[in-house]
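The figures that follow rest on heavy atoms only: side chains count, while hydrogens, waters and symmetry mates do not. Reminder, nothing fancy here: chain letters follow the sequence lines and each chain counts from 1. Values in this document were obtained by computation on a predicted structure and should not be read as measured data.
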2 protein chains.
Amino acid sequence: MAERTRSGGGDATRRGARGEERRAEIVRRALEVIAERGYRGATLGAVAERVGLTQQGLLHYFPTKEALLVAVLDERDQWDTGSARPSASGGWPLDLLASLVEYNAMRPGVVQTFSALLGESVTDDHPAREFFTRRYERVRAEMAATLRGEFGDRLPGGLTPEEAAPLLVAVMDGLQYQWLHDPEGVDMPAAFRSFLTLLGRSAAPRG
Amino acid sequence: MAERTRSGGGDATRRGARGEERRAEIVRRALEVIAERGYRGATLGAVAERVGLTQQGLLHYFPTKEALLVAVLDERDQWDTGSARPSASGGWPLDLLASLVEYNAMRPGVVQTFSALLGESVTDDHPAREFFTRRYERVRAEMAATLRGEFGDRLPGGLTPEEAAPLLVAVMDGLQYQWLHDPEGVDMPAAFRSFLTLLGRSAAPRG
């Protein structure tokens, strides 16, 4: 999301910059709390305590738990795509996507928060609905660009990148639910690599 | 879920049978309310009114909203798989699965309820967690049986039925979230048919 820049003179700009720094620190701390305690444990009170604010003080920056969690997930997206997008074409290479799934399998608290909030957001009036709707649009476009970079206008199985992109996104989201329900029984990174095989990459050697 | 049969004489059995009938009627009515009003609108109060019970009377059968919704989703599963499983082998033919996705695209309230409850259930202590964990195990096994019936021990792309089954389930669940967030922009049945193409079926002719 674009940061809102504040109009006004030097003082206001400095106050704005300090406010943005403070927001960014709260988001980093919230991510720590989520990683340690999961979705339910990431209360506004727990985050406020970690940042050294009163809960009232935290509400000044994030009026609801949902607003804070959306900021955390947005930050995670920017971090993940920033580190995984070395090309100017705008897409993520599929290998880096596989690494991202491996990385996600090491941070269940964050995946749980994403999945729980995505579930809640399907109702019309949920505060995170717009975030996920826009995120899906953006991520599908990025995935289509990745697939086009890798395979051209047709994948080996005959689909266009635009047909395959929603499936790539669906598999990532859907596997997370299965893995969260059965972390021992579901090997999320291996399942994702199987999907890349289906998309037309040669299968990795089996160990 | 197995119905608990009650031990005892004729009176108790009749009372038990009447209780089960009443429960079944509540579940049918709840499904109607869900179809009309979606997840948030399907309150215990709204369902009680539809059935002609007080909310207190409804709580006798279903102590929480989650318990009622789990019963509804379980009933839906039995109905869907009952009508879509003509073979003794236990799997759903893939064509019937595609029809099921088309049918789901006509009942957003039910899909929304499934998706919202699945999202909530990723936390450790959620009352629907066990339902979804068991459901995933069962559905993955059914999908693997379907894929084996269709393709044998290897799919055209090289995956085993057990490798492809979690992907089939993930695509169904994941596409529902994308569709709920953008029903005009995401053609869920077409996307699912694209996935069946990926799995190795010949593509349907394009109109």
Side-chain angles (χ1 to χ4, degrees), chain A residues 38-41 108 111-126 129-130 132-137 140 155-160 163-164 166-182 185-188 190-192 194-195 197-200 202-203, chain B residues 38-41 108 111-126 129-130 132-137 140 155-160 163-164 166-182 185-188 190-192 194-195 197-200 202-203:
Chain A
Y39 177 65
R40 296 264 175 240
V111 174
Q112 187 191 53
T113 298
F114 175 90
S115 299
L117 208 61
L118 173 58
E120 288 182 10
S121 73
V122 300
T123 52
D124 288 340
D125 50 353
H126 193 274
R129 182 174 173 89
E130 194 187 336
F132 281 107
T133 302
R134 288 188 182 193
R135 183 182 185 279
Y136 272 138
E137 276 180 29
R140 279 194 300 262
L155 277 69
L159 300 185
T160 65
E163 287 169 330
L167 303 177
L168 189 52
V169 180
V171 162
M172 292 181 80
D173 292 350
L175 285 178
Q176 290 185 158
Y177 286 104
Q178 293 181 56
W179 173 70
L180 288 168
H181 275 93
D182 186 4
V186 174
D187 185 340
M188 180 165 72
F192 186 70
S194 291
F195 182 70
T197 303
L198 259 190
L199 282 183
S202 49
Chain B
Y39 177 65
R40 297 264 174 241
V111 174
Q112 187 191 56
T113 298
F114 175 90
S115 299
L117 208 62
L118 174 57
E120 289 181 10
S121 72
V122 301
T123 52
D124 287 340
D125 51 353
H126 193 275
R129 182 173 173 89
E130 194 187 338
F132 282 107
T133 301
R134 290 188 181 192
R135 183 183 187 279
Y136 271 137
E137 275 180 30
R140 280 193 300 261
L155 278 69
L159 300 186
T160 65
E163 287 170 330
L167 303 177
L168 189 52
V169 180
V171 162
M172 292 180 82
D173 292 349
L175 284 177
Q176 291 187 54
Y177 287 104
Q178 293 180 56
W179 173 69
L180 287 168
H181 275 94
D182 186 4
V186 174
D187 184 340
M188 182 167 70
F192 186 70
S194 292
F195 181 70
T197 303
L198 258 191
L199 282 184
S202 49

Report yes if the side chains of B:Phe195 and B:Leu175 come closer than 4.5 Å at any heavy-atom pair, otherwise no. no
For residues A:Tyr177 and B:Ser121, determine if any side-chain heavy atom of one lies less than 4.5 Å from a side-chain heavy atom of the other. no
If we ignore hydrogens and angles and just use 3.5 Å, is the side chain of B:Gln178 paired with the main-chain N or O of A:Pro166 as donor and acceptor? yes
Do you know which of [options] has the most heavy-atom pairs under 4.5 Å to chain A?
| options | value |
| --- | --- |
| B:Arg140, B:Gln176, B:Glu137, B:Glu120 | B:Arg140 |
| B:Leu167, B:Asp182, B:Asp173 | B:Leu167 |
| B:Thr123, B:Val171, B:Leu180 | B:Thr123 |

CG (A:Asp124) and CD (B:Gln112) are apart, to the nearest 0.5 Å, by 6.5 Å
Tell me, side chain or backbone of [X] under 4.5 Å from chain A's heavy atoms, or both, or neither?
| X | value |
| --- | --- |
| B:Tyr39 | side chain |
| B:Phe132 | both |
| B:Val169 | both |

Run the side chain to side chain contact (heavy atoms under 4.5 Å, CB included) test on A:Val186 and B:Tyr136 for me, step by step, so that the C-alpha distance in whole Å, both residues' side-chain angles and the decisive distance to 0.1 Å come before the verdict. CA-CA 10 Å; A:Val186 174; B:Tyr136 271 137; over 6 Å; no
Heavy atoms only, distances under 4.5 angstrom: which of A:Gly157, A:Gly185, A:Ala190, A:Ala116 has the most pairs with chain B? Name it, please. A:Ala116
Checking side chain to side chain contact (heavy atoms under 4.5 Å, CB included) for the pair A:Leu118/B:His181: CA distance, chi angles, key distance, verdict? CA-CA 10 Å; A:Leu118 173 58; B:His181 275 94; 3.7 Å; yes
